[in-house]
*Asks:* 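Below: one structure in structure tokens.
Residue numbers begin at 1 in each chain, while the letters A, B, ... track the order of the sequences. Just so it is clear, the structure is predicted and the values come from calculations on it, not from any experiment.
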Amino acid sequence: MRGPVRLRRTLPRVPDRLAGLGGVLIALVVLAAVFAPLLAPYPADELKPAEALLPPDGAHWFGTDQVGRDILTRVLYGGRTSLAVAAAVLAASAAVGVTLGVVAGYAGGWLRDVILRVTDVFLAFPALLLSLALAVVLQPSVSTAVVAIAVTWWPWYTRLAASVAASVATRPYVDAARCLGVPAPMIVLRHVLPNSLTPVLVQISLDAGGVILTAAALSYLGLGAQEPTAEWGLMVQQGQSLFTTNWWVVTFPGLAILVTAFAFNMLGEGLRNALDPRRAVR
Amino acid sequence: MTAMPLLRAERVTLGYGGRAVVHEVSLDVTEGGVGLIGESGSGKTTLARAFLGLLTPMSGNIWYGNQTLKKADLRAFRRDVQPVFQAESLDPRMRVGASVAEALPRAERHRVPELLGQVGLDPELAGRRPHQLSGGQRQRVVIARALAVSPRLLILDEPTSALDVTVQARVLDLLAGLGTERLLITHNLAVVRRLCRTSHVMFAGRLVESGPTADLLARPAHPYTRALRDAVPRLGGAPPRARGRAEAAPAGSGCPFRPRCPLAVAACESAPEPRELDGRRVACHRAEDVLAAAVGEVS
């Protein structure tokens, strides 16, 4: 029995290895998106109707779509849109959600009640339905998708941050700071916020995949990115009717969504461990 | 004429969410060290939080000098009264130097190494995070942070309970040599004996006995004080035995210690009023009997 035990001690733990793999995959996706103009074999919007629906081969690794555009090129450029949407939605949601949540958690009382009741109102609507409604009211575009998703996303961060901050606010180091006369905003910035961030950061990394999927869903329904913007969800929507005859049109953007969402989930699991200071290397 | 106590609780009732857990406690924090003894859940820490201004009384007043805490100059109060919580009360994300510096005005932050040195720590440790220090070192950092504002009174809440006995002894030496007044909250009678001239024993949110520490521990007049003393394990002695049921009687139904008291009688169905007896204050109908038994043990 000594062998397996020793092996377990030598190898990194499974969640850490998965997180590492997730990190590497995300880095690859981000690099591919950033350097898309250098990596893409063709211009993003070059139409070649004569080369429509070519299967994958040496000239077009991922094949071509209905209007002869190179799908590898579109997947690389599509990463830019999807990652930018995810970053914008998560940054906006986290900024609003965490700020309100930490204030609610630390202050307590009526202020917490008011903030949490407002989040209840937003959470009462199914997120995708609310996003759809907003996207219909506003002009369909990538920016609209960002606003629509962010509006449904921030209340989760508020609730999470409020519960963590309420717990942090009772820790002795917060009491010690109060006894030293440190002003409340300073206590929130110096102690409550940093010590409330770990679960929020984990949640953000876990949510990145969900945001990309939701943005893809909005585009798929015609309410997000519009032609000729390259976006994975839009590409899946445009290729769905061809799945049985020209599988590559829908498969490669679909795989890009799957791999990216999965990578963010793996990274989120790993962050949970890495950001816990008690688990830091001594 | 006795000097005015720095802090005084006057018929203070404290609680959380409208439910009282400390009932009409009156207590002076006098010179020479004051101990607050009792088991977990007896209300010691709640009372300490009220003395620190972290909890507002449901009724009664906390006096700071000749003003209630509500009306007092909080800036002066914060300079005079500082807490020393357990070693785990440092922000895990802050370097310990930053934790100590938080207590100092910006212009005085250069004093951090001096303060760490004052509590027997290597100033080089300022750059470490709490989890990189031992329990004893962390406790010293907590003390250094409290000393940064040169307080007159330290409110020490179980400052040594998470430490092993040898480290405990060194931290106690440090506390004994500080020269500040102290209110010590603990369940460790040996620590109280060492640091406090006066002690108060709490049970179920009430003071049951108050007086000189040496008298209280040598000749307890309340059966709970005696039970606490007898529960201390002794090397080579018989293991201590708990007697009676573990819970207290519900509030407002006579003496709270009645369910556990081996001397309970019918009179204990009514709540005992605190009274003076043999140089201490005790709330027990059978105090004379407990005291007589203790005197018999001593002689």
*Asks:* Below 4.5 Å from any heavy atom of chain A, which atoms of B:Leu52 appear? Answer side chain, backbone, both or neither.
*Replies:*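 For B:Leu52, backbone and side chain are both near chain A.
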*Asks:* Can you tell if the side chain of A:Arg171 reaches within under 4.5 Å of the side chain of A:Asn195, non-hydrogen atoms only?
*Replies:*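 No - every pair of side-chain heavy atoms lies 4.5 Å or more apart.
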*Asks:* Do the side chain of B:Asn61 and the main chain of B:Trp63 share a donor and acceptor less than 3.5 angstrom apart?
*Replies:*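 Not a single qualifying donor-acceptor pair exists.
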*Asks:* Considering only heavy atoms, which portion of B:Arg128 lies under 4.5 Å from any heavy atom of chain A: side chain, backbone, both, or neither?
*Replies:*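 Contact with chain A involves no heavy atom of B:Arg128 at all.
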*Asks:* Would you mind checking if A:Arg159 and A:Asp120 are paired as a salt bridge, meaning a charged N to carboxylate O distance below 4.0 Å?
*Replies:*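 Counted as a salt bridge, because a side-chain N and a carboxylate O are separated by less than 4.0 Å.
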*Asks:* Any salt bridge between B:Asp173 and B:Arg170, counting N to O under 4.0 Å?
*Replies:*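 No.
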*Asks:* What residue in A:Pro172, A:Pro194, A:Cys179 has the most heavy-atom pairs under 4.5 Å with chain B?
*Replies:*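 Of the options given, most contacts go to A:Cys179.
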